[in-house]
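Structure first, then comments.
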Amino acid sequence: MGVKGFVEGGIASIVAGCSTHPLDLIKVRMQLQGENAAAAVSVPTHQQLHNLRPALAFQPTSATVHIPSSSFHVPTPPPPPPPRAGPISVGIRIIQTEGVAALYSGVSATVLRQTLYSTTRMGLYDILKQKWTDKDSNTMPLIRKISAGLIAGGIGAAVGNPADVAMVRMQADGRLPPAQRRNYKSVIDAITQMSKQEGVTSLWRGSSLTVNRAMIVTASQLASYDSIKETILEKGLMKDGLGTHVTASFAAGFVASVASNPVDVIKTRVMNMKVEAGKEPPYKGAIDCALKTVRAEGPMALYKGFIPTISRQGPFTVMLFVTLEQVRKLLKDF
């Protein structure tokens, strides 16, 4: 039963991931808008603040206050971020500048990511669901569903993080100037180059964010789907068929999008940052990235790319669960 759950979840996840890959690419490009302004934001040091004192202190021996021009330096505020382009504009720009095929940049990484991450999380959730379902009532309390999602999502994300890093970089590569592009040929090439140039640990860059996001997405997505589907069937609103599966899965996708978007924005930026030898990285970590993003672009920047997120998460979740239900029917006798 356990192996079967992994196979069913893996097939459904790969189909859903490939079907919605262009929407995911547009989401990543939108989340990276304004990133240069955020990375340039700096917090005044203690010494810089200390240097303000002589210029503001009163001089007891003179009736006038002299403020030396070199006493302190007021940093020039960063320029306002450019207007944010919508998902349709971003998609059209990608096609015009990079070609239609660019919408599937990094699709090999998506396949590997779904194979590692989603197969693991779907299989583990199925195992925990079987173990934690009450045998008498054949029901599983919501808190147990959420707990199963948190555990399965966290483990799946840790396994699939290298593919996730490769996918983000391959999707974002086209927005860089030609001289700065990484030009990975495939997901294997991306992982190999990262290991050689930045060390094996770079494959788990942003892993804490990936794990947190995956725990939130899996818990909200799978628990919501099961709970909403059960409610629809119990109240007799629909029969157990395509309509119920589509309704429950789209609602689950919306819940997962709202819960995970802020973490997803930070994860994308941390994974995509370019670290050069001898230079300080743009972000010191997840918290630093979040603070710089909010300071430079405002709190709503954490929901940047939400429209393509829900536009992708909705169809992805629908494809995932509709395919999963069909695969379960096909493999019912195995």
Side-chain angles (χ1 to χ4, degrees), residues 10 13 17 24-25 27-29 31-32 35-36 38-43 105-121 123-124 150-177 179-218 260-293 302:
S13 299
D24 194 47
L25 184 142
K27 177 204 70 174
V28 167
R29 295 288 182 93
Q31 289 175 338
L32 293 172
E35 182 186 27
N36 292 336
V41 171
S42 62
V43 180
S105 297
V107 70
S108 61
T110 291
V111 173
L112 180 60
R113 177 178 180 268
Q114 297 300 339
T115 302
L116 297 176
Y117 160 61
S118 288
T119 300
T120 302
R121 74 178 183 125
L124 287 177
L150 291 172
I151 294 170
I155 295 174
V159 172
N161 200 82
D164 207 4
V165 176
M167 183 185 72
V168 168
R169 290 192 174 194
M170 292 175 75
Q171 289 178 334
D173 212 35
R175 65 186 283 273
L176 298 173
Q180 297 180 19
R181 291 179 186 173
R182 301 177 176 103
N183 294 319
Y184 298 135
K185 298 175 183 177
S186 66
V187 62
I188 302 301
D189 181 50
I191 291 174
T192 302
Q193 285 196 42
M194 279 189 283
S195 300
K196 289 180 179 179
Q197 297 172 5
E198 304 172 48
V200 177
T201 55
S202 66
L203 299 177
W204 274 269
R205 179 172 295 150
S207 58
S208 61
L209 289 165
T210 306
V211 169
N212 289 334
R213 178 190 177 275
M215 291 172 71
I216 293 171
V217 168
T218 306
S260 66
N261 203 87
V263 180
D264 199 28
V265 171
I266 304 305
K267 175 185 79 76
T268 297
R269 294 191 173 194
V270 170
M271 284 184 170
N272 187 61
M273 70 176 176
K274 197 167 187 177
V275 180
E276 299 180 7
K279 293 184 178 180
E280 187 176 347
Y283 308 116
K284 298 175 183 177
I287 296 177
D288 182 53
C289 180
L291 292 174
K292 285 181 175 178
T293 299
L302 296 177

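All figures in this text were calculated on a predicted structure; none of them were measured in a lab.
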Item to complete: Just jot down the side-chain hydrogen bond (donor to acceptor under 3.5 Å, both in side chains) partners of N261, sequence neighbours excluded, or say none.
Response: T309
Fill in: Heavy-atom check, side chain of D189 versus side chain of S186, under 4.5 Å
yes
Discussion item. Please report the interatomic distance CG(D264) to CG(D24), rounded to the nearest 0.5 Å.
Written reply: 8.0 Å
Discussion item. I'd like to check the salt bridge (charged side-chain N to carboxylate O under 4.0 Å, His left out) partners of K279; sequence neighbours left out, ordered by chain and number.
Written reply: E276
Item to complete: Test side chain to side chain contact (heavy atoms under 4.5 Å, CB included) on R213 and L209 and set out the steps.
Response: CA-CA 6 Å; R213 178 190 177 275; L209 289 165; over 6 Å; no
Response to the item:
Heavy-atom nearest pair, A109 first then A166, reads CB-C, 4.2 Å
Worksheet entry | Gap separating the CE atom of M170 from the OG atom of S108, nearest 0.5 angstrom | 4.0 Å
Fill in: Within-4.5 Å side-chain heavy-atom neighbours: K27 and Q171
no
Practice prompt. List for me each residue that meets side-chain contact (heavy atoms from CB on, under 4.5 Å) alongside A290, sequence neighbours excluded, and say none if there are none.
Written response: I266
Item to complete: Answer whether the closest heavy-atom distance between the side chains of C289 and M273 falls below 4.5 Å.
Response: no
Response to the item:
Tightest non-hydrogen contact, residues L116 and T120, listed as O-OG1, 2.5 Å
Identify each donor-acceptor pair in which a side-chain atom of residues 150-163 lies under 3.5 Å from a protein atom, sequence neighbours left out, and give them as a table.
| residue | atom | partner | partner atom | Å |
| --- | --- | --- | --- | --- |
| N161 | OD1 | T210 | OG1 | 2.7 |
| N161 | ND2 | L203 | O | 2.9 |

Worksheet item: When rounded to the nearest 0.5 angstrom, what distance separates OH in Y184 from OG1 in T192?
Response: 10.5 Å
Discussion item. Looking at every heavy atom in both A172 and R29, which two are closest together, and how far apart are they?
Written reply: CA-NE, 3.8 Å
Worksheet entry | D288: partners by salt bridge (charged side-chain N to carboxylate O under 4.0 Å, His left out), with sequence neighbours left out | K292
Practice prompt. With sequence neighbours excluded, tell me which residues meet side-chain contact (heavy atoms from CB on, under 4.5 Å) with Q197.
Written response: Q193
Worksheet item: Are any of the side-chain heavy atoms of K267 and V168 separated by less than 4.5 Å?
Response: yes
Practice prompt. Considering only NZ, NE, NH1 and NH2 on the basic side and carboxylate oxygens on the acidic side, decide whether D173 and R181 come within less than 4.0 Å.
Written response: no
Discussion item. A side-chain contact here means heavy atoms from C-beta on lying under 4.5 Å apart; do V165 and S202 qualify?
Written reply: no
Worksheet entry | Student check: side-chain heavy atoms of M167 and V187 closer than 4.5 Å | no
Worksheet item: Should R169 and E198 count as an ion pair when the cut-off is N to O under 4.0 Å?
Response: yes
